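Chain letters run A, B, ... following the sequence lines, proteins first, then strands; residues in each count from 1. Only a predicted model underlies this, so the values are computations on that prediction, with no experimental measurement involved.
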2 protein chains.
Amino acid sequence: MQHTPQMRLTTQRQIILEELGKVTSHPTANEVYDMVRKRLPRIGLGTVYRNLELMSDTGMILKLEVGGTQKRFDATVAPHYHIRCLSCGKVDDVDIPMISDINRIAADKSKYQILGHHIEFTGLCHDCSSVEEKVSIN
Amino acid sequence: MQHTPQMRLTTQRQIILEELGKVTSHPTANEVYDMVRKRLPRIGLGTVYRNLELMSDTGMILKLEVGGTQKRFDATVAPHYHIRCLSCGKVDDVDIPMISDINRIAADKSKYQILGHHIEFTGLCHDCSSVEEKVSIN
DNA sequence: TTGTGATCAGGAATAATTACCACTCATACC
DNA sequence: GGTATGAGTGGTAATTATTCCTGATCACAA
C-alpha cells in the first residue's frame, strides 16, 4: 500500500527542536547551529537551515522575518507580537492581546488579500537602556 | 569662524532623492541603483547604499526593515503601515490610521523602553491572487 | 540483503551589504 | 587665482547570511 511520504523525525531535527524549545529568546539560524553543535558536533550549518525552514513550513515552529538582517526562529507557534532592541538586536515577546479587528480594517483599505499581520515594537532592552544613560549616542 | 560640518547635497544625493520621490513602491537599494543609473550611469552601488543609509539616519527618507531579505526605502517619512505580498515580495502602503495607544499598552507589559512600532500585513497582491486562483500552491 | 527515497555533512556558490582606498571635488582661506 | 582640507565618489574586495550541490548514509519495505 502506498503511504504518504512524511517527514522523518531524525536525531538532528529532534535536537534542533529541543534546543529551540529551551530558550525564550528568538535565535537566528546561526545561534541555533551553535546550540545544537554542543550536542551534535558534526551537524552541518546547511542541515540547520534546511530543517528550520522545513519545520516552519509545516508549522512546527515560527519563522520571524522581523527587522535586522537575519531571520529568527521561535518554538512558540501561537501568534504573538515582538519587540526588538535597536541597540543589541535582541528580540523578545510582548505579552499584549492580538488585535483581531485590524486585518478586516486593513482589508477594507487595500487591494490585497490579507492573510495576517505582525506588530514589531522597537526600543531599548533593559541592559541597553542602562548603558545609554552613561554613554550618550547622539 | 568654525562652521558646523553639514551634509552636502551632491548631484548623486539629489538624484537619488528625486528618483525615490517619483515612485510609490518601496524600492530596494538595488532598484534605486537601477533607477538612478539611467541618469547617472557612472554612479557606484556603494554610493547608493551609503547615501540611502545616510539619508535615513537624518530622517530625510524612511528605511523599512520589513520581512524579506532586502531593506527597502521610502520617500514618505510620515509614519504609516505596510503590506507585503507573500508571493512576489512587493511592499505597499496601507492607509489605516496609526494606533497611537499601542506603545503605551506595550510599555506596561514589557521591560523595554518602547520607542516605536510598525505593523506589517502579509497577504497577496492583486496580481498574485489572480494567479493563485489558477495555479494552486500546495 | 538490497533497492529506494529521504536526509545528511561539507563545501561551493549566491545575494545583499559593507568596508576600503585612491582619486576628485567643493569650499575656505590665503 | 592658488592651495590645503575634508567630504564624497567609484571601483573593488571582503563580509555576512543563506542556499545549492554532491556524494555518502540511513531507514524502511520487499
Side-chain angles (χ1 to χ4, degrees), chain A residues 1-17 19-20 26-58 60-61 63-73 84 88-91, chain B residues 1-17 19-20 26-58 60-61 63-73 84 88-91:
Chain A
M1 182 180 125
Q2 183 84 8
H3 71 103
T4 46
Q6 64 184 19
M7 194 174 79
R8 276 168 24 207
L9 188 59
T10 62
T11 311
Q12 286 84 349
R13 282 176 192 161
Q14 203 170 318
I15 292 186
I16 289 171
L17 209 49
E19 291 297 316
L20 192 59
H26 302 72
T28 63
N30 210 64
E31 285 163 357
V32 173
Y33 178 52
D34 285 343
M35 285 159 22
V36 169
R37 217 161 21 151
K38 288 178 186 147
R39 294 173 60 188
L40 279 182
R42 293 186 49 74
I43 196 170
L45 178 58
T47 303
V48 173
Y49 269 101
R50 183 167 6 93
N51 287 325
L52 285 172
E53 194 64 30
L54 216 63
M55 291 192 285
S56 81
D57 283 349
T58 63
M60 300 169 70
I61 65 173
K63 176 170 58 172
L64 311 183
E65 302 200 23
V66 297
T69 48
Q70 297 161 77
K71 287 175 189 156
R72 293 172 172 274
F73 297 88
R84 178 168 53 95
C88 68
K90 190 167 66 172
V91 175
Chain B
M1 186 177 112
Q2 183 85 8
H3 71 104
T4 47
Q6 63 183 21
M7 195 174 81
R8 275 170 20 208
L9 187 60
T10 62
T11 311
Q12 287 84 346
R13 283 175 190 160
Q14 203 171 317
I15 292 185
I16 289 171
L17 210 48
E19 291 298 315
L20 192 60
H26 302 74
T28 63
N30 210 67
E31 285 164 356
V32 173
Y33 177 52
D34 285 342
M35 284 159 24
V36 168
R37 219 164 15 155
K38 287 177 189 149
R39 294 174 59 188
L40 279 182
R42 294 186 49 76
I43 197 171
L45 179 58
T47 302
V48 174
Y49 269 101
R50 184 167 4 95
N51 287 327
L52 286 172
E53 194 64 31
L54 215 64
M55 291 192 284
S56 80
D57 284 349
T58 62
M60 299 168 71
I61 64 172
K63 174 168 61 172
L64 311 183
E65 302 201 23
V66 297
T69 48
Q70 297 161 80
K71 287 176 191 158
R72 292 171 173 276
F73 298 87
R84 177 167 53 96
C88 68
K90 191 168 65 174
V91 175

Can you tell me if the side-chain N/O atoms of [X] get under 4.0 Å from OP1 or OP2 in [N]?
{"X": "B:Thr10", "N": "D:dT9", "result": "yes"}
{"X": "A:Arg13", "N": "C:dT7", "result": "yes"}
{"X": "B:Lys71", "N": "D:dA17", "result": "no"}

Output the residues of residues 34-57 of chain B in contact with DNA chain C, where contact means a heavy atom of the residue under 4.0 Å from an atom of the strand; sort by number or write none.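 DNA chain C contact set from residues 34-57 of chain B: B:Leu45, B:Tyr49.
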Measure from [atom1] on [X] to [atom2] on [N] and round the result to the nearest Å.
{"X": "B:Asn30", "N": "C:dT14", "atom1": "CG", "atom2": "C1'", "answer": "14 Å"}
{"X": "A:Ile15", "N": "C:dC8", "atom1": "CD1", "atom2": "P", "answer": "11 Å"}
{"X": "B:Lys63", "N": "C:dT17", "atom1": "NZ", "atom2": "P", "answer": "10 Å"}
{"X": "B:Gln14", "N": "D:dG8", "atom1": "CD", "atom2": "P", "answer": "14 Å"}
{"X": "B:Leu64", "N": "C:dT17", "atom1": "CG", "atom2": "P", "answer": "12 Å"}
{"X": "B:Glu31", "N": "C:dA15", "atom1": "CD", "atom2": "C1'", "answer": "14 Å"}
{"X": "A:Gln70", "N": "C:dT17", "atom1": "CD", "atom2": "C1'", "answer": "13 Å"}
{"X": "B:Tyr33", "N": "C:dA15", "atom1": "OH", "atom2": "P", "answer": "16 Å"}

Between A:Arg39 and A:Glu19, does at least one N-O distance fall below 4.0 Å, as a salt bridge requires?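 Between A:Glu19 and A:Arg39 there is a salt bridge, with a charged N closer than 4.0 Å to a carboxylate O.
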Student check: side-chain heavy atoms of [X] and [Y] closer than 4.5 Å:
{"X": "B:His26", "Y": "B:Val66", "answer": "no"}
{"X": "B:Glu31", "Y": "B:Gln70", "answer": "no"}
{"X": "A:Arg37", "Y": "A:Tyr33", "answer": "yes"}
{"X": "B:Asn30", "Y": "B:Val48", "answer": "no"}

Give, for atom CD of B:Gln12 and atom CD1 of B:Ile43, the distance between the pair rounded to the nearest 0.5 Å.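 The CD atom of B:Gln12 sits 5.0 Å away from the CD1 atom of B:Ile43.
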Starting at CE of A:Met60, measure out to CG of A:Leu20 and round the result to the nearest 0.5 Å. 10.5 Å
